[in-house]
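Let me begin by presenting the structure, written as structure tokens, before commenting on it.
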Amino acid sequence: AWKRNQITSFTDRDGFEKEVVRHVETTLARSMFNCDEIAAYSATSLAFRDRLITHWNRTQQRQTYRDTKRVYYLSLEFLMGRALDNAMLNVGLKNVAQDGLAELGFRIEDVIKQEHDAALGNGGLGRLAACFLDSLATLNFPAWGYGLRYRYGIFKQEIIDGYQVEVPDYWLDFNPWEFPRHDVTVDIQFFGQVNKKTVGGKTISVWEAGEIVQAVAYDVPIPGYDTPTTNNLRLWSSKASGGEFDFQKFNSGDYESSVADQQRAETISAVLYPNDNLERGKELRLKQQYFWVAASLYDIVRRFKKSRRSWNEFPDQVAIQLNDTHPTLAIVELQRILVDVEGLEWDNAWEIVTSTFGYTNHTVLPEALEKWPVGLVQHLLPRHLQIIYDINLFFLQSVEKAFPDDRDMLRRVSIIEESQPKMVRMAFLAIVGSHKVNGVAELHSDLIKTTIFKDFVEIYGPDKFTNVTNGITPRRWLHQANPRLSELIASKCGGNDFLKDLTLLNQLEKHVQDKQFRKEWAEIKYANKVRLAKHIKDTTGVVVNPASLFDVQVKRIHEYKRQQLNIFGVIHRYLSLKAMTPDQRKKQLPRVSIFGGKAAPGYWMAKQIIHLINSVGAVVNKDEDIGDLLKVIFLEDYNVSKAEMICPASDISEHISTAGTEASGTSNMKFVLNGGLIIGTCDGANIEITREIGESNIFLFGNLSEDVEDLRHAHTYGSHTIDSDLDKVFNEIEKGTFGTPHDFSAMIAAVRQHGDYYLVSDDFHSYIETHQLVDEAYRNQDEWIAKCITSVSRMGFFTSDRCINEYAEEIWNVEPLAVDRH
Ligand code: 26V
């Protein structure tokens with residue numbers, strides 16, 4: 001019997017301050033006299049980290065002792081953002097820290113800002129994984145995340161002369177939120193060949209590796225909100241194996257190549273691939289995938305084996321969710337472990353494998369579907385390719401049996417695409433190796449069943465395919481990002497319970513007509529806009545009037561998300577304003593168009609879009625005829641912590657993808673939850689948001705998903721006339737009003753000459769008209785605020801808690817396991 005650690009469990013200001021001072025003076029080896037904001041941040045983080053780790057230990061002990069089923073969420077991306085504010089709020093001691101820091105001479109907001117975002121993701125998919133971790137812990141599910149510990153997260157974006165410039169994001173200098181586990185390592189094999197061996201009359205395959213790289217675990221504690229449950233995010237870092245190979249080389253004088261080996265090993269976890277929705281079959285990316293998957297599975301299997309159960313119980317103890325196809329090799333790796341290493345029969349092993357995995361699809365864009373050249377897989381993972389071929393063989397045999405007359409079916413559904421070169425279709429492998437496949441919003445889940453995965457619905461029946469509409473964590477995206485609104489809501493909803501049961505927001509609706517409530521609501525929105533206006537001034541030098549309508553589009557730059565439609569619309573507004581008399585202008589509503597988002601470094605067109613936005617801003621923002629009536633802002637380096645400032649400050653945000661292309665979208669949910677309205681197409685989760693909040697509270701426009709194919713066909717084979725207003729916009733660009741016209745000729749040609757694949761012209765008229773409706777609605781502030789409040793009150797469905805409960809019930813079959821409070 002030993003005494004529970006008392007020191008680190010501070011509960012009041014005094015206790016907190018003592019911890020901060022202790023960390024400054026001992027852990028950081030500094031004097032309180034030269035404690036700056038960075039030291040204050042470090043010490044505060046260490047104080048909270050100590051607390052979390054006590055909870056973390058208790059949670060892990062309890063989960064091990066009870067030995068219930070666990071969920072493993074495999075994701076190549078976890079876009080976590082900052083941890084300190086989140087930890088303080090989830091633990092419920094932010095006020096204590098605020099007072100303590102104040103007494104030590106610091107403003108808590110300044111301290112929070114010292115933290116570098118953990119930016120281990122590209123966009124929606126990575127942020128979804130982060131929201132899921134928050135919900136899993138809050139709901140007390142025994143769950144681990146597994147990912148890669150990139151040395152460089154998504155690049156930092158700088159805007160120089162109106163163009164994006166990428167700067168490396170080296171974020172690990174000081175990271176108090178991770179615990180290196182130098183004792184938790186796994187040797188990962190690559191290359192080599194497969195030999196057959198006969199053991200006791202049985203022939204088995206033995207993979208003799210050509211290269212071994214070591215995986216080292218780094219653990220990040222994930223605190224739940226208002227619960228002691230603290231789950232684990234395990235990130236793998238790559239290191240030279242340091243085994244005999246290297247010493248041999250080193251001793252034989254081959255110093256150079258032994259250092260080169262080390263470099264090569266460390267390269268695996270060096271950098272996050274900055275593409276979002278574009279697949280380019282790079283060997284290093286496949287190495288990353290296998291490295292991470294193999295280390296994670298080894299860890300999962302090792303944990304399972306401790307309980308000494310039979311292999312058939314594996315799926316009762318383990319649920320593994322594949323976040324997109326990136327971890328699909330896990331299916332093959334588990335089959336390999338069970339058959340080659342553990343000696344199970346193929347069919348028995350395969351039953352275990354398919355019962356264990358679930359696969360989530362996040363896109364229907366064909367250019368994003370992962371395919372790997374067979375030759376590359378053969379070279380890097382020779383045994384895995386054999387297993388993939390066997391999986392495919394047995395699968396195709398069963399298909400042939402069920403559809404004996406359909407030869408073309410076999411070609412269409414084969415995991416191996418018979419192209420030049422042959423390719424492994426990862427999505428098909430993921431479907432065949434999982435018991436459930438889900439899309440991320442209703443429309444998207446319907447689309448995958450009727451388009452890219454149609455044949456698989458025929459083969460497996462419809463029940464294998466399901467929908468789990470995405471959600472967001474209200475802890476970060478309301479309580480943390482918008483503390484004043486959260487407090488106002490709490491005052492009307494009977495306290496903070498709504499943060500754990502978001503449907504309680506519906507209590508707001510009875511206060512919609514309450515004048516005082518509306519006034520406070522409007523004041524909070526205004527204050528949030530003032531804060532963003534200050535950031536705009538500080539970072540771009542442009543002064544914007546916070547009384548203007550703030551119109552925001554922040555997300556990755558991609559043609560399918562149609563930032564080009566937005567900026568063409570802005571130019572149209574500018575031309576209309578220019579054509580007015582001064583008297584007419586006085587009657588117009590002032591607007592600020594705010595853009596933000598990164599372009600993949602190799603995505604040339606996306607970079608041109610950024611340049612056009614900046615070029616338009618440069619002209620409009622200094623036009624004295626226009627003044628406050630229109631400002632165009634591009635915010636540099638959009639990331640999670642900036643999103644936390646931007647979402648609360650928006651009046652209207654743009655979710656305007658070509659119908660059928662945005663699987664879900666999640667920022668749409670963040671903006672509405674923060675009391676903004678949205679303008680959007682009938683796409684992704686916009687459709688369900690409309691159903692929940694009501695048609696009168698959203699500005700929908702544009703063609704429907706079911707009409708897209710015909711429209712595209714007409715562009716290519718019929719006569720294609722451009723919308724006349726859009727034509728005027730193009731003519732103005734071509735006149736040189738926004739700089740060298742040649743810079744933008746490809747963007748215009750995409751619409752005029754190249755078939756307008758994203759339907760910019762088709763939707764332009766209704767987009768412009770709908771923005772006029774936005775202006776009109778905004779003039780009636782009372783009505784506008786009422787719409788905002790009503791919308792928020794109906795957003796309960798979009799919490800990631802609901803989403804996680806659906807996964808738990810429909811896909812994972814796991815139950816929560818509460819940890820005692822002390
Ligand atoms: C794909 C690839 C392809 C290989 C190169 C690297 C890379 C990195 C990420 C991805 C993921 C593309 C799919 C994706 O991000 N989908 C987004 O998922 C969100 C969460 O479900 C959803 O809200 C967005 O609508 C969807 O675009």
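Note that ligands are numbered from 1 as they come in the structure, with each ligand's atoms numbered from 1 the same way.
Taking the centre of each ring, His379 and Phe191 come in below the 6.0 Å mark. For His558 and Tyr603, the gap between ring centers is short of 6.0 Å. Ring to ring, Phe595 and Tyr638 are not that close: their centroids are 6.0 angstrom or more apart. For Phe568 and Phe764, the ring centers are positioned 6.0 Å apart or more. Note: Tyr146 and Tyr73 fail the aromatic proximity criterion, with ring centroids not under 6.0 Å apart. Ring pair His655/Phe671: centre-to-centre distance below 6.0 Å.
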N/O contact list for ligand 1, threshold under 3.5 Å:
unit_1, atom_1, unit_2, atom_2, d
ligand 1, 16 (N), His362, O, 3.0
ligand 1, 21 (O), His362, ND1, 2.6
ligand 1, 21 (O), Asn470, OD1, 2.9
ligand 1, 23 (O), Gly665, N, 2.9
ligand 1, 25 (O), Glu662, OE1, 2.6
ligand 1, 25 (O), Ala663, N, 3.3
ligand 1, 25 (O), Ser664, N, 3.0
ligand 1, 25 (O), Gly665, N, 3.0
ligand 1, 27 (O), Tyr560, OH, 3.2
ligand 1, 27 (O), Glu662, OE1, 3.0

